[in-house]
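Okay, so here's the structure we're looking at.
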Amino acid sequence: KKLGIVGAGNVGATLALFAVNSGLADVVLYDIVEGMPQGKALDILQNTAVIGIKANISGTNNLDDLAGSDIVVITAGLARKPGMRRKDLLMANAEIVGNIVNKLAPICPDTNYIVVTNPMDVMAYVTMVISGTKRQKVLGMGGILDSSRFKTFISMELGVSPKDIETTVLGGHGLYMVPLVRFTTVKGIPLSKWLPQDKIESLVQRTREGGAEIVSLLKTGSAYYAPAQSTFEMVKAILLDEKRILPCSVYLDGEYGAKDVFNGVPVVLGKQGLEKIVELELTEEEKQAFENSTEEVKNMIKILKEEGRI
Ligand code: NAI
């Protein structure tokens, strides 16, 4: 199997390392910066010699080398800087992602796109429109990362393994994300039995601001280990046809009451990409939170349409 990674920065290169070491795919790592993807690819290849596996990875500045990829992961773009809002990234990254997808669409007609570049839900929309591919083939990564952050904070609070925690986060990958406390359990027991309401609320809030917390600690750049691992989880589910239920951003056509927008919902991931959208019954409050989240994404899509970008 062939995995094309667009953008060999922090997320892209870390994903390349995870993918190569898993032995699941040959990786082609692309970036606009000359020499950089080639250098990182060689470094990653040498790591396989240490652990003793035979793998293929190459770096390139030519998008044609991604032709025929089974999966293309898009991480190219600008990352959020301290104080920078997701919206500020919108115009710049829409142009970068739009140009790349425009070139890839004819040479990767059957590929599954996984979009990471922020604002991710909007970039996934750009990818679907520009590629003209069907909605099953375009997925945005956000919900797995947001869920992992919520699980981490619960695990730190309770001193239990995150493996025993089940949760899902709906909605856009931004301040309007909707961590579903009602569907959060520890060893099958609802979180509300483990922690008082105000504690749960503070963990939800920390999850919402999980990306910003890391940005402000790092001073330069944003999180990438957990984002790369989350993306790899999606790559694996598709390549191994796992049929796992994972929260991903997908094109909604009436599901969850939303239309013509990308937003995070639980989906079944398998070799076809998005194989099924799992519809949870939401309370009025959760529905409202989800709607706020789709509104945020729709507003950004509207700006791009007004500017003639899509
Ligand atoms: P980074 O700055 O380390 O890497 C971005 C790479 O894109 C750079 O190597 C840059 O040279 C490359 N690039 C820029 N323009 C390009 C073009 N036209 N063609 C090819 N490559 C180009 O950033 P990082 O940390 O890897 O993040 C990448 C993106 O992913 C950002 O937009 C970031 O906000 C987003 N992100 C999204 C997450 C999510 O949950 N959806 C989580 C983490 C990051």
Side-chain angles (χ1 to χ4, degrees), residues 4-18 28-41 59-66 72-82 84-104 113-127 138-150 169 171-175 177 207-215 218-234 246-250 262-264 297 300:
I5 301 177
V6 178
N10 284 335
V11 177
T14 309
L15 170 65
L17 175 69
F18 293 158
V28 180
L29 190 56
Y30 163 86
D31 203 282
I32 199 167
V33 179
E34 275 178 36
M36 187 267 266
Q38 291 87 343
K40 289 192 180 182
T60 183
N61 304 116
N62 183 356
L63 272 179
D64 289 336
D65 292 332
L66 271 69
V72 168
V73 177
I74 299 178
T75 76
L78 309 180
R80 220 160 26 129
K81 303 204 173 67
M84 190 177 181
R85 294 200 37 160
R86 282 177 197 277
K87 267 187 194 166
D88 301 334
L89 291 176
L90 177 64
M91 300 311 281
N93 283 353
E95 179 157 354
I96 293 172
V97 170
N99 287 339
I100 288 166
V101 172
N102 197 26
K103 288 189 193 129
L104 286 178
Y113 291 96
I114 299 177
V115 182
V116 178
T117 305
N118 275 319
M120 172 276 287
D121 304 276
V122 187
M123 294 306 124
Y125 189 94
V126 170
T127 298
V138 184
L139 300 149
M141 189 288 289
I144 300 174
L145 175 62
D146 296 331
S147 299
S148 79
R149 286 180 172 151
F150 195 29
V169 176
H173 183 61
L175 284 180
M177 73 178 71
T207 303
R208 283 214 176 92
E209 293 164 5
E213 181 177 357
I214 292 177
V215 167
L218 289 178
K219 309 278 192 306
T220 57
S222 54
Y224 55 97
Y225 294 115
Q229 195 65 261
S230 305
T231 310
F232 180 60
E233 203 69 356
M234 294 171 69
L246 295 166
C248 301
S249 185
V250 296
F262 268 75
N263 217 336
V297 180
M300 287 192 265

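Remember, it's a predicted structure, so these values are computed and weren't measured experimentally. Below, all heavy atoms of this structure are taken into account, side chains as well, without hydrogens, waters or symmetry copies. Each ligand, and each atom within it, is numbered from 1 in the order the structure gives. When a residue number appears, it is its place in the shown sequence, counting from 1.
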N/O to N/O below 3.5 Å, does that happen between [X] and ligand 1?
{"X": "M120", "result": "no"}
{"X": "V6", "result": "no"}
{"X": "G142", "result": "no"}
{"X": "L78", "result": "yes"}
{"X": "Y224", "result": "no"}

Ligand-residue contact atoms, ligand 1 with [X], heavy atoms, under 4.0 Å:
{"X": "A223", "answer": "43 (C)"}
{"X": "I100", "answer": "19 (N)"}
{"X": "V33", "answer": "11 (O)"}
{"X": "N93", "answer": "32 (O)"}
{"X": "M36", "answer": "9 (O)"}
{"X": "T75", "answer": "5 (C), 28 (C), 29 (C)"}

Mark yes or no for whether [X], through its side chain, and [Y], through its backbone, hold a donor-acceptor pair below 3.5 Å.
{"X": "N61", "Y": "D31", "value": "yes"}
{"X": "T117", "Y": "A76", "value": "yes"}
{"X": "Q38", "Y": "G35", "value": "yes"}
{"X": "K40", "Y": "A8", "value": "yes"}
{"X": "N93", "Y": "P119", "value": "no"}

Step-by-step side chain to side chain donor-acceptor pair (under 3.5 Å) determination, H173 to D146: CA-CA 8 Å; H173 183 61; D146 296 331; 2.9 Å; yes
Evaluate the ring planes of F232 and F18, with Trp represented by its six-membered ring, and classify them as parallel (under 30°), tilted (30 to 60°) or perpendicular (over 60°).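 Rings of F232 and F18: tilted, 30 to 60°.
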How long is the span from the [atom1] atom in [X] to the [atom2] atom in [Y], to the nearest 0.5 Å?
{"X": "I214", "Y": "Y225", "atom1": "CD1", "atom2": "OH", "result": "11.5 Å"}
{"X": "M91", "Y": "I96", "atom1": "CE", "atom2": "CD1", "result": "12.5 Å"}
{"X": "I144", "Y": "S249", "atom1": "CD1", "atom2": "OG", "result": "11.5 Å"}

Relative to ligand 1, is [X] under 4.0 angstrom through side chain, backbone, both or neither, heavy atoms considered?
{"X": "L145", "result": "side chain"}
{"X": "P227", "result": "side chain"}
{"X": "S230", "result": "neither"}

Out of P37, P119, G9, G77, indicate the one that has the non-hydrogen atom closest to atom 7 (O) of ligand 1.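 The option holding the nearest heavy atom is G77.
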Can you check which of I96, L218, N118 brings a heavy atom nearest to atom 17 (C) of ligand 1?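 Going through I96, L218, N118 one by one, I96 has the nearest heavy atom to atom 17 (C) of ligand 1.
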